[in-house]
There are 4 protein chains.
Amino acid sequence: MPNASLRTAVLGVSGYTGAELVRLLLEHPRLSTPPLLLGRPEQADSLTLALTSMHPQLSGLPHADELRIIPFDWNLLQREQIDILFLATPHEHAREIAPLALQHGIKVIDLSAAWRLQHDTNRAIYKLTDADPTLAKSLQAEAVYGSPELHGRQIKSARLVANPGCYATSIILALAPLLRSSLIDLSWGIVADAKSGVSGAGKAPTASNQFMYAADNLSAYAVFGHRHTGEILEQLHLETSQLQFTPHLLPIPRGILSTIYVRLNSMGSIKQIQAAFDDFYEDSPLVRVRRSHMLPQIQHVVRTNFCDIGFQLSPDGKKLVIVSCLDNLLKGASSQAVQNMNLMAGFSESEGLL
Amino acid sequence: MPNASLRTAVLGVSGYTGAELVRLLLEHPRLSTPPLLLGRPEQADSLTLALTSMHPQLSGLPHADELRIIPFDWNLLQREQIDILFLATPHEHAREIAPLALQHGIKVIDLSAAWRLQHDTNRAIYKLTDADPTLAKSLQAEAVYGSPELHGRQIKSARLVANPGCYATSIILALAPLLRSSLIDLSWGIVADAKSGVSGAGKAPTASNQFMYAADNLSAYAVFGHRHTGEILEQLHLETSQLQFTPHLLPIPRGILSTIYVRLNSMGSIKQIQAAFDDFYEDSPLVRVRRSHMLPQIQHVVRTNFCDIGFQLSPDGKKLVIVSCLDNLLKGASSQAVQNMNLMAGFSESEGLL
Amino acid sequence: MPNASLRTAVLGVSGYTGAELVRLLLEHPRLSTPPLLLGRPEQADSLTLALTSMHPQLSGLPHADELRIIPFDWNLLQREQIDILFLATPHEHAREIAPLALQHGIKVIDLSAAWRLQHDTNRAIYKLTDADPTLAKSLQAEAVYGSPELHGRQIKSARLVANPGCYATSIILALAPLLRSSLIDLSWGIVADAKSGVSGAGKAPTASNQFMYAADNLSAYAVFGHRHTGEILEQLHLETSQLQFTPHLLPIPRGILSTIYVRLNSMGSIKQIQAAFDDFYEDSPLVRVRRSHMLPQIQHVVRTNFCDIGFQLSPDGKKLVIVSCLDNLLKGASSQAVQNMNLMAGFSESEGLL
Amino acid sequence: MPNASLRTAVLGVSGYTGAELVRLLLEHPRLSTPPLLLGRPEQADSLTLALTSMHPQLSGLPHADELRIIPFDWNLLQREQIDILFLATPHEHAREIAPLALQHGIKVIDLSAAWRLQHDTNRAIYKLTDADPTLAKSLQAEAVYGSPELHGRQIKSARLVANPGCYATSIILALAPLLRSSLIDLSWGIVADAKSGVSGAGKAPTASNQFMYAADNLSAYAVFGHRHTGEILEQLHLETSQLQFTPHLLPIPRGILSTIYVRLNSMGSIKQIQAAFDDFYEDSPLVRVRRSHMLPQIQHVVRTNFCDIGFQLSPDGKKLVIVSCLDNLLKGASSQAVQNMNLMAGFSESEGLL
């Protein structure tokens with residue numbers, strides 16, 4: 001890929017992840033041209049709108065005040081020689097558009113859930129339909145789950161990257177090193193009690209993303225049925241019965257903290273657990289493994305591109321609590337997407353992210 | 001009014017003020033029967049709903065778990081011998097229903113803005129229409145602005161009480177004593193910089209009552225054009241040019257703080273200002289006049305039925321800053337409505353409110 | 001006890017629980033005299049202070065503006081014929097004062113942790129010392145853990161009631177019915193992931209109760225070592241290894257939500273679980289058992305005296321998530337203390353609390 | 001100044017502004033070496049501490065994990081050939097250290113208030129003492145108030161820059177263009193109603209920066225007596241009687257919004273006001289002048305280096321409301337300091353800040 005002149009486009013910039021993605025691309029030191037900002041033709045009200053009238057906080061950034069959202073159009077994408085198309089659009093549209101992009105020779109980083117799940121049963125929750133099921137099946141098999149810490153090598157040569165879910169990222173990164181080292185007693189199972197800020201609920205006004213619902217409150221939701229469960233199971237090679245995942249809505253704008261409970265296969269030591277994490281993330285600039293005495297907390301990761309991971313071991317060496325934090329809009333979405341772009345373009349993994 | 005057996009009904013219980021009003025009526029020591037809860041027939045989805053499935057926080061209060069929202073019906077109101085109908089419904093409906101209630105011999109306490117304004121020009125902003133303009137005009141003249149501290153005597157014998165707006169209450173109560181005492185230099189004017197929690201924006205999801213809009217934020221809005229301006233002008237007998245009122249949206253659920261700037265006609269003393277407030281509110285149990293060294297703050301009034309007023313005088317005795325606080329859902333709405341009911345029923349003014 | 005003229009005193013009114021306790025006692029319909037407010041002589045700066053200059057939000061409540069904090073003095077307590085002394089003071093002082101109160105014929109409701117724990121090993125964390133160890137031992141055995149839902153009968157005749165901890169209350173009430181019914185598989189254990197608002201951290205300024213620490217944040221703390229663990233173990237007759245309790249600091253002023261994970265001994269049904277809770281709390285006016293489809297959330301309990309309990313059962317009927325909520329300053333502290341007072345005085349359990 | 005190898009040091013990195021300043025310097029594209037981090041020898045507990053154990057959020061940034069806070073020492077500063085010393089230390093220390101730095105040939109950017117005020121009467125509020133009053137007087141005269149938009153040229157050649165206060169910046173930048181254009185009727189005066197997030201109150205725990213004090217609250221403070229008043233008066237050449245400035249404490253971590261009320265000398269137009277702002281800030285990359293229909297709000301500036309300014313004109317063209325927003329830790333402190341450094345070093349004014 002001619003990375004000296006990598007050209008990007010973003011479909012869907014009205015939401016929170018879209019805005020963060022555009023900001024990261026505008027500030028990216030290796031991109032000499034700003035991203036093309038695209039809207040779906042049916043969203044007439046946001047088209048030809050100036051970026052900064054939609055997101056006033058971006059005003060003043062390089063190029064930001066000149067950019068407008070323009071109607072999506074394949075001819076345009078080709079004329080502009082777009083290399084990578086980011087999809088920050090609902091999953092049903094991403095399912096539809098990704099195959100067409102690949103046909104036009106444009107690589108895709110999809111921030112929706114459309115291409116994350118290999119098993120039809122897990123994907124069923126999204127009610128996706130395919131115009132060409134055979135093609136879709138083949139692309140699904142080709143799609144790489146965009147977790148650079150797990151699949152960095154495949155991402156480098158991928159055409160279609162399925163950017164992970166925010167909850168899923170925080171839980172997968174917390175567990176992968178321990179599962180890889182076979183430290184966890186899976187017969188006891190895994191309990192992941194996760195808490196997310198309100199931006200995770202999206203921008204369209206609903207009953208539960210209202211200030212009066214979320215402020216001064218905490219509530220559990222989607223107990224035994226959150227959509228990210230499938231991603232976690234697939235990526236960590238778990239059985240349904242082995243994972244219990246409960247999300248909660250926190251009264252804060254952004255940030256996820258997951259408190260994860262496991263039992264060890266045999267009596268463990270702090271040193272051993274620490275080593276498992278340190279080794280796994282040795283070459284991962286965007287994961288900060290904390291020393292055992294210092295647990296991650298949300299304010300250390302908000303507005304950063306990091307996932308922080310820490311843990312505490314019970315005095316008897318059998319029970320382990322892992323705490324994992326990230327900004328759901330960044331490492332849980334947009335900065336992970338840029339990290340994937342960096343890998344695909346042959347840039348340094350953390351280019352523009354530190 | 002046969003106050004031993006006062007019977008009340010509430011039209012519109014789905015919103016925040018409706019819920020607080022119902023709570024106050026359920027806990028009221030002089031009401032032996034719970035209020036009749038009414039919905040407009042066109043709001044089919046909330047009808048016959050249990051009160052506590054709509055407002056789970058009310059569960060466990062006396063009668064609360066038995067109550068259901070039933071369709072509004074004049075026959076029912078008469079059969080149940082309702083004495084006072086509270087309207088916590090949009091202003092256009094309150095404008096329509098109040099005359100009919102009076103015709104059925106039922107007194108009205110209207111929490112909307114429908115009947116607050118005597119001048120057509122001030123009322124124009126609400127775009128109200130009247131089926132019978134002549135009757136409406138006569139009822140408008142009869143309607144009493146429900147500020148017990150200003151119009152207590154008239155409220156006692158009123159048939160139609162227009163419960164004040166939340167911003168308006170905080171500003172009117174802060175200024176009335178000083179204007180009554182002719183202490184303020186009106187040639188300089190009045191600057192009222194007011195800040196309100198998000199519940200003031202209502203329960204229907206909009207762009208600006210979303211968590212992600214309001215949290216960690218502050219914004220001014222409706223500069224030079226807020227709808228409560230007319231109430232303040234009328235009640236304080238001010239010219240438009242004498243009042244500058246700027247509301248702001250605070251990132252908190254409830255509470256209003258108004259910071260009001262005036263100049264004194266002649267050099268004033270703390271003692272004199274304090275006396276003006278103390279005298280005016282001597283018999284007002286729900287206004288707490290603070291000593292000069294202690295300014296009101298929102299957390300002292302939230303979830304109380306009080307309006308707190310304090311002030312600071314400039315060292316040269318010429319400039320006065322008045323700070324006034326209240327809970328917009330209580331003294332700014334529902335508890336003021338109950339205070340009005342108390343007066344109309346011959347109860348003690350603060351019955352059920354202390 | 002001559003409950004027609006029950007007289008109360010409160011030692012320690014400067015904190016958040018003290019303020020709420022005083023408010024509840026001032027508003028209590030069966031107490032004809034306000035509580036005596038006491039400070040420890042060494043806290044010279046708060047003595048003879050007006051209650052409402054310390055807690056301006058209480059101003060305007062019955063008697064509140066007349067009350068002052070006076071130095072603690074046994075003669076005074078006897079002269080005023082105090083029946084019940086509430087201790088809202090650090091645990092080391094409560095350990096010291098309670099025996100003396102009983103010697104003076106005054107019953108004690110202790111809101112600190114001083115008398116909650118029967119086992120020395122559990123109590124060790126509080127580093128308590130006793131002037132008269134023999135007497136202390138005997139009083140400890142006599143002390144009743146003040147959970148009215150568990151020990152109502154003993155509380156009625158108790159002289160020394162140890163009011164439960166806030167986290168402990170939320171977890172004990174969530175589990176007691178299921179453990180009583182032997183539904184829980186204790187070999188798997190219990191995971192209690194609890195989250196509390198900042199008022200639980202007390203009023204003395206520390207690094208972690210600062211706004212800049214807690215706001216927009218979430219952090220786990222005291223993993224494997226929170227002081228309330230002992231209470232939960234003792235009250236639920238659990239082994240240390242059976243309970244894993246992790247508290248978190250929520251960015252809200254008040255409220256606790258505990259998410260509790262258990263496995264059932266055999267495949268369970270919603271009906272069965274619901275019945276276990278309903279039966280256990282049939283006569284408990286301050287516990288609201290929610291129907292399975294509606295999980296408790298913090299905003300439904302804040303500023304109420306209720307503990308709300310709800311649950312979700314996994315589709316396979318084996319895993320149960322219980323969610324329990326309360327206001328840590330009320331049902332988690334002061335209103336539970338008043339509930340205990342009601343039982344001790346022969347009042348209705350929920351008098352002044354609904 | 002040999003800007004290719006500009007070397008910086010920061011005295012005082014434990015606070016919020018210190019942390020932001022270090023972050024900006026670490027990310028600055030023109031600084032090839034990280035800043036030297038210094039603590040005062042008497043602050044033994046923070047010395048030799050790793051930067052990231054004090055500020056875990058900085059971990060992972062370039063050089064951040066290697067940096068330690070080392071004891072302040074002139075020899076060290078000279079050995080390291082420091083060009084610019086940032087003082088993020090209390091004003092009394094900054095008053096003492098700045099003269100010594102200049103004697104050692106090191107330029108100073110002082111983030112405290114020590115050198116901001118030319119008039120002794122205005123400076124009196126800070127109770128500063130000088131070892132060498134004659135020298136201090138001369139340095140005070142030499143010191144440049146570090147507002148790049150007002151004094152850019154002088155800053156370029158300054159040895160001692162007094163970085164402005166946060167409130168002062170927001171009010172000065174909002175008014176300077178209009179006063180320069182003589183549009184404001186100063187006989188009516190200026191009312192500046194300002195609101196700040198809690199980080200403005202500093203990091204040392206106090207009663208009013210506690211979560212329980214600030215959350216869900218709003219309070220006015222220092223009415224008629226805030227310390228930033230002098231800066232505003234001096235920079236805008238106002239008489240004391242012409243400015244009324246009331247700060248409020250907002251329940252948010254960061255951000256200031258100032259609502260400023262003025263009257264125009266003659267009937268004005270939106271176009272005229274807009275032009276006054278646009279012209280004044282034409283070459284100021286860190287001030288975003290908003291179009292009249294879009295008022296600034298705090299969430300558009302938080303975590304950015306911008307000051308946003310907008311306005312609304314009354315229908316009669318006589319009253320003007322100006323709204324100005326900035327992040328108090330950035331444009332109100334640390335990024336303004338870096339902006340000053342850029343000017344002093346001959347870099348582009350916004351280098352590292354966009």
Side-chain angles (χ1 to χ4, degrees), chain A residues 16 19-20 23 26-27 29 50 52-65 199 211 215-217 251-255 281 284-291 293-310 325-327 330-331 335 348 350 352-354, chain D residues 16 19-20 23 26-27 29 50 52-65 199 211 215-217 251-255 281 284-291 293-310 325 327 329-331 335 348 350 352-354:
Chain A
Y16 304 125
E20 287 291 12
R23 181 182 63 76
L26 288 175
E27 294 175 346
T52 55
S53 80
M54 186 181 263
H55 299 300
Q57 76 277 15
L58 298 180
S59 181
L61 294 188
H63 301 289
D65 292 283
S199 57
F211 189 88
D216 286 351
N217 199 10
I252 62 176
R254 33 207 292 178
Y281 292 119
S284 295
L286 298 182
V287 174
R288 299 187 294 200
V289 177
R290 299 302 197 177
R291 299 307 89 188
H293 60 278
M294 197 182 86
L295 287 176
Q297 39 184 269
I298 281 183
Q299 69 176 356
H300 295 157
V301 298
V302 164
R303 308 250 181 183
T304 81
N305 301 310
F306 297 106
C307 176
D308 284 5
I309 299 175
C325 284
L326 49 74
D327 185 317
L330 296 175
K331 182 61 179 162
S335 65
S348 153
S350 59
L353 298 173
L354 285 185
Chain D
Y16 304 124
E20 288 291 12
R23 181 181 62 74
L26 289 174
E27 294 175 346
T52 55
S53 80
M54 187 182 264
H55 299 299
Q57 75 277 16
L58 298 180
S59 182
L61 295 188
H63 302 288
D65 292 284
S199 57
F211 188 87
D216 285 352
N217 199 10
I252 62 176
R254 35 206 289 176
Y281 292 118
S284 294
L286 298 181
V287 173
R288 299 189 293 200
V289 178
R290 299 301 196 178
R291 299 304 92 191
H293 61 279
M294 196 182 85
L295 286 176
Q297 39 182 268
I298 280 183
Q299 70 175 357
H300 295 158
V301 297
V302 164
R303 309 249 181 184
T304 81
N305 302 309
F306 296 106
C307 177
D308 284 6
I309 299 175
C325 283
D327 184 317
L329 298 180
L330 296 175
K331 181 61 179 162
S335 65
S348 152
S350 60
L353 298 174
L354 284 185

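From a predicted model like this one, the values you see are computed outputs, not experimental measurements. A, B, ... follow the sequence lines: proteins, then strands. Residue 1 opens every chain.
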Compare every heavy atom of [Y] with every heavy atom of [X], then report the nearest pair and how far apart it is.
| X | Y | result |
| --- | --- | --- |
| A:Arg303 | D:Val302 | NH1-O, 4.4 Å |
| D:Leu61 | A:Leu354 | CD2-C, 4.0 Å |
| D:Arg288 | A:Gln57 | NH1-O, 3.0 Å |

* Asked: Which residue out of D:Ser350, D:Ser59, D:Pro29 racks up the most heavy-atom pairs below 4.5 Å with chain A?
  -> D:Ser59

* Specify which of A:Asp216, A:Thr304, A:Asp308, A:Val301 makes the most heavy-atom pairs with chain D at under 4.5 Å. => A:Asp216

* To do: Let me know if A:Leu286 has heavy atoms under 4.5 Å from chain D in its side chain, its backbone, both or neither.
  => neither

Need one label for [X]: side chain, backbone, both or neither, based on atoms under 4.5 Å from any heavy atom in chain A.
| X | value |
| --- | --- |
| D:Leu26 | neither |
| D:Arg291 | neither |
| D:Asp65 | neither |

* **Test item: D:Arg290 and A:Pro56 side chains (from C-beta on) under 4.5 Å apart, heavy atoms** => yes

